[in-house]
Amino acid sequence: MEETISLQDLFRTLKKRLALILTCIILATTVAGVVSFMLMTPVYQAKTQILVNQTSAETEQFTSQDIQTNLQLINTYNVIIKSPAILDLVIERLDLDLTASQLTQKIAVESAQNSQVVTVTVQDPDPYRATDIANTTAQVFEEEVPNLMSVDNVNILSPAITSDNPQPVDPNPVLNMAIGAVIGLMLGVGIAFLLEYLDTTIKSEQDVEDVLGMPILGLVSPIPDSEVNVDEVVRTSRRRR
């Protein structure tokens with residue numbers, strides 16, 4: 001016999017296991033909050049922007065072809081900024097206890113589409129060190145890129161600064177707790193339906209009808225203990241003997 005599940009059965013199961021589902025949501029949200037606030041190291045972010053042109057604006061006027069050529073070289077600049085030729089000097093100037101490959105993991109270089117502006121983003125547990133790395137990387141790139149390529153016009157548009165009250169960009173406790181709540185909800189609903197599937201006991205008239213496939217003809221109501229006269233039952237049993 002093929003068994004079908006109606007929406008009423010689904011809602012009845014959810015209502016029946018509501019306490020379990022809420023417990024899973026609260027537990028998962030709490031765990032996510034504890035991990036975010038107490039176990040994960042805050043990470044701060046600093047940004048600086050660099051404008052790179054192939055030739056100096058003072059010597060000649062830019063043409064559309066020059067700008068297009070500069071745009072095609074942006075990806076090359078992005079690679080150079082994260083290369084050991086630049087980062088080794090950054091490490092030396094700041095006296096960082098890092099290797100070039102380790103420092104690369106802290107730096108992200110990107111540029112907007114059809115833009116000659118390169119954005120250097122640095123993330124570090126220390127907000128002041130993140131700012132120093134971003135600014136020093138831009139300065140070293142400005143000094144060294146003429147020796148690496150035919151570029152003599154590099155300008156730092158906006159140096160990185162550290163605010164008076166820096167806020168970490170990671171972790172995001174609110175987002176983590178929201179994700180934890182969703183995971184808890186999914187876990188709770190899954191456990192609820194699993195327990196309902198494994199529960200084969202008969203607890204109600206509806207369960208009898210569902211199992212036997214026959215209607216209920218009558219019910220025997222339980223007799224409350226308060227209505228039973230124990231002495232009378234004992235005397236009646238003695239008389240029958």
Side-chain angles (χ1 to χ4, degrees), residues 5-49 78 81-82 84 86-88 90-91 93-112 118-138 158-201 203:
I5 300 177
S6 64
L7 288 177
Q8 292 181 344
D9 295 332
L10 296 178
F11 285 117
R12 183 163 50 247
T13 300
L14 294 177
K15 183 178 180 180
K16 179 180 177 181
R17 308 287 183 177
L18 183 60
L20 172 64
I21 296 174
L22 292 178
T23 301
C24 290
I25 293 176
I26 294 173
L27 182 60
T29 304
T30 302
V31 171
V34 171
V35 171
S36 299
F37 283 106
M38 303 183 65
L39 299 181
M40 298 183 68
T41 302
V43 176
Y44 298 86
Q45 180 174 282
K47 288 185 177 182
T48 183
Q49 290 183 316
N78 295 350
I81 290 175
K82 298 183 67 174
I86 301 298
L87 297 186
D88 284 342
V90 173
I91 294 172
R93 292 189 183 184
L94 296 179
D95 193 22
L96 299 176
D97 188 18
L98 298 170
T99 63
S101 60
Q102 291 173 331
L103 184 57
T104 301
Q105 303 301 320
K106 297 177 177 289
I107 300 176
V109 183
E110 59 182 1
S111 58
V118 178
T119 302
V120 180
T121 304
V122 178
Q123 293 187 348
D124 192 86
D126 186 340
Y128 297 98
R129 187 167 68 170
T131 301
D132 291 339
I133 292 175
N135 289 329
T136 305
T137 301
S158 58
I161 59 174
T162 304
S163 62
D164 295 334
N165 185 24
Q167 298 296 324
V169 296
D170 188 65
N172 188 336
V174 175
L175 177 60
N176 292 344
M177 292 175 69
I179 295 175
V182 173
I183 294 176
L185 174 62
M186 297 172 60
L187 183 62
V189 171
I191 294 176
F193 282 108
L194 177 62
L195 293 178
E196 191 69 17
Y197 176 78
L198 296 177
D199 187 4
T200 58
T201 59
K203 300 177 181 178

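These numbers were taken from a predicted model, which means no experiment stands behind them.
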Mind checking salt bridge (Lys or Arg N to Asp or Glu O under 4.0 Å) for Asp124 and listing every partner two or more places apart, or none if nothing turns up?
-> Lys106, Arg129
Is the shortest heavy-atom distance from the side chain of Leu14 to the side chain of Leu18 under 4.5 Å?
-> no
Step-by-step side-chain contact (heavy atoms from CB on, under 4.5 Å) determination, Leu10 to Phe193 = CA-CA 9 Å; Leu10 296 178; Phe193 282 108; 3.5 Å; yes
Between Lys16 and Phe11, is a side-chain contact (heavy atoms from CB on, under 4.5 Å) present by the stated rule, with each step listed?
-> CA-CA 8 Å; Lys16 179 180 177 181; Phe11 285 117; over 6 Å; no
Are the side chains of Leu87 and Ile107 in touch, meaning some heavy atoms are under 4.5 Å apart?
-> yes
Between Thr99 and Gln102, does a side-chain contact (heavy atoms from CB on, under 4.5 Å) hold up when you go through it step by step?
-> CA-CA 5 Å; Thr99 63; Gln102 291 173 331; 3.2 Å; yes
Any idea which heavy atoms bring Ala28 and Gly180 closest together, and the distance?
-> CB-O, 3.1 Å
What pair of heavy atoms forms the shortest contact from Arg17 to Ala192, and how long is it?
-> CB-CB, 3.4 Å
Look up atom CD1 in Ile191 and atom SG in Cys24, then write down how far apart they are to the nearest 0.5 Å.
-> 4.5 Å
Rounded to the nearest 0.5 Å, how far does OG1 of Thr29 lie from CD1 of Ile179?
-> 11.0 Å
Grab the two heavy atoms, one from Thr48 and one from Ser158, that are nearest each other, plus how far apart they are.
-> OG1-O, 3.0 Å
Atom pair CG/OG1 of Leu194 and Thr13 - distance to nearest 0.5 Å | 12.0 Å
Atom OG1 of Thr136 and atom CZ of Arg93: how far apart are they, to the nearest 0.5 Å?
-> 7.5 Å
Here the side chain to side chain donor-acceptor pair (under 3.5 Å) pairs for residues 174-193, sequence neighbours left out, are Ser36-Asn176
Within a strict 4.5 Å, meaning less than it, do heavy atoms of the Asn165 and Gln167 side chains meet?
-> yes
Nearest heavy atoms of Asn78 and Ser111, plus distance in Å | ND2-OG, 4.0 Å
Test item: Gln45 and Val122 side chains (from C-beta on) under 4.5 Å apart, heavy atoms | no
Kindly indicate, with the supporting measurements, whether the criterion side-chain contact (heavy atoms from CB on, under 4.5 Å) is fulfilled by Val35 and Met40.
-> CA-CA 6 Å; Val35 171; Met40 298 183 68; 3.8 Å; yes
Distance in Å, Ile25 CD1 paired with Ile21 CD1, rounded so as to fall on 0.5 Å steps = 7.0 Å
For Pro42 against Pro168, the heavy-atom pair lying closest together = CB-CB, 3.8 Å
Candidates Ile86, Asp88, Leu94, Ile133 - the one meeting side chain to side chain contact (heavy atoms under 4.5 Å, CB included) with Leu103 | Ile133
Taking every heavy atom of Ile91 against every heavy atom of Ala100, the minimum-distance pair comes out as CD1-N, 3.6 Å
Hey, does Thr162 have a side-chain heavy atom less than 4.5 Å from the side chain of Pro127?
-> yes
Nearest 0.5 Å, what's the NZ-OG1 distance between Lys47 and Thr121?
-> 4.5 Å
In chain order, what residues pass the side chain to side chain contact (heavy atoms under 4.5 Å, CB included) check against Ile26, with sequence neighbours excluded?
-> Thr30
Val169 side chain reached by Gln123 side chain, heavy atoms, under 4.5 Å = yes
